[in-house]
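Report on the following structure.
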Amino acid sequence: MSVWLLAFAWLWFSLGIVSGAVLGLVFHRDHGWGGYDSWRRRLARLGHISFFGTGLLVGAMAVTAQALPAAEGPGAGVGEALRWIGPTAVVGAVTMPLVCGLSAWRKPWRVWFPVPVTALGLSVLGFTAVVIKAALL
């Protein structure tokens with residue numbers, strides 16, 4: 001599981017650079033993307049930086065998962081938990097810049113922010129529990 005999470009994290013870093021380059025095409029204009037304090041520009045920047053933040057999160061999970069003990073014996077539940085935590089983190093990572101971009105385009109899309117926030121929150125809480133369980137075994 002951790003190898004595909006690492007691949008995803010590096011893909012997300014690459015998309016963060018590409019999205020930053022696209023945003024940078026108009027950074028020199030005072031009113032590019034609606035001006036510095038506009039909703040559109042703030043959400044576009046949040047979407048851009050979310051590629052890096054969620055990529056770091058998923059990458060940290062992948063590296064940590066490699067350091068955890070094998071999912072056999074008394075810690076067998078660790079491996080089972082990791083099967084849903086990784087995909088949940090990826091769902092949050094994919095939907096965060098998507099919802100940011102859609103919200104920058106049309107404000108009503110902001111009602112979808114609970115989707116990435118919930119997915120990322122569940123994955124972080126679940127992964128934290130897995131790491132604590134592994135540390136106690």
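Every value quoted in this text rests on a predicted model; they were computed, and no experiment measured them.
Of all non-hydrogen atoms in S2 and Q66, the two that sit nearest each other are OG-CG, 3.2 Å. V58 and L5 make their closest contact through CG1-O, 3.5 Å (heavy atoms, listed as atom of the first residue, atom of the second, distance).
A distance of 4.0 Å separates CH2 of W12 from CZ of F8, quoted to the nearest 0.5 Å. Atom CD1 of residue I85 and atom CZ of residue F127 lie 7.0 Å apart, to the nearest 0.5 angstrom. In this structure, F113 CZ and L43 CG are separated by 5.0 Å, a value rounded to the nearest 0.5 Å. Rounded to the nearest 0.5 Å, atoms OG (S50) and CG (L56) are 11.5 Å apart.
Applying the 6.0 Å contact sphere to CZ of R40 captures no more than 12 heavy atoms from other residues, nucleotides or ligands. Within 6.0 Å of CH2 in W10 there are 12 or fewer heavy atoms belonging to other residues, nucleotides or ligands.
Side-chain heavy atoms closer than 4.5 Å link hydrophobic residues (I, L, V, M, F, W, Y) into clusters, and following such links, even through other members, never connects L125 to V131. V117 and W112 fall within the same hydrophobic cluster, where Ile, Leu, Val, Met, Phe, Trp and Tyr residues are linked whenever their side-chain heavy atoms come under 4.5 Å apart, directly or through other members. Note on V111: it clusters hydrophobically with V115, by side-chain heavy-atom contacts below 4.5 Å among ILVMFWY residues.
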Assess whether side-chain contact (heavy atoms from CB on, under 4.5 Å) is satisfied between F13 and F52, documenting all intermediate values.
CA-CA 5 Å; F13 297 149; F52 292 102; 4.1 Å; yes

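The backbone N or O of S19 lies less than 3.5 Å from no partner atom in the side chain of H48, so there is not a single donor-acceptor pair.
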Only pairs under 3.5 Å count here: list side-chain donor-acceptor contacts from residues 88-109, not counting sequence neighbours, and write none if there are none.
{"unit_1": "T88", "atom_1": "OG1", "unit_2": "W84", "atom_2": "O", "d": "2.6"}
{"unit_1": "T95", "atom_1": "OG1", "unit_2": "V91", "atom_2": "O", "d": "2.8"}
{"unit_1": "T95", "atom_1": "OG1", "unit_2": "G92", "atom_2": "O", "d": "3.4"}
{"unit_1": "S103", "atom_1": "OG", "unit_2": "V99", "atom_2": "O", "d": "2.8"}
{"unit_1": "S103", "atom_1": "OG", "unit_2": "R110", "atom_2": "N", "d": "3.2"}

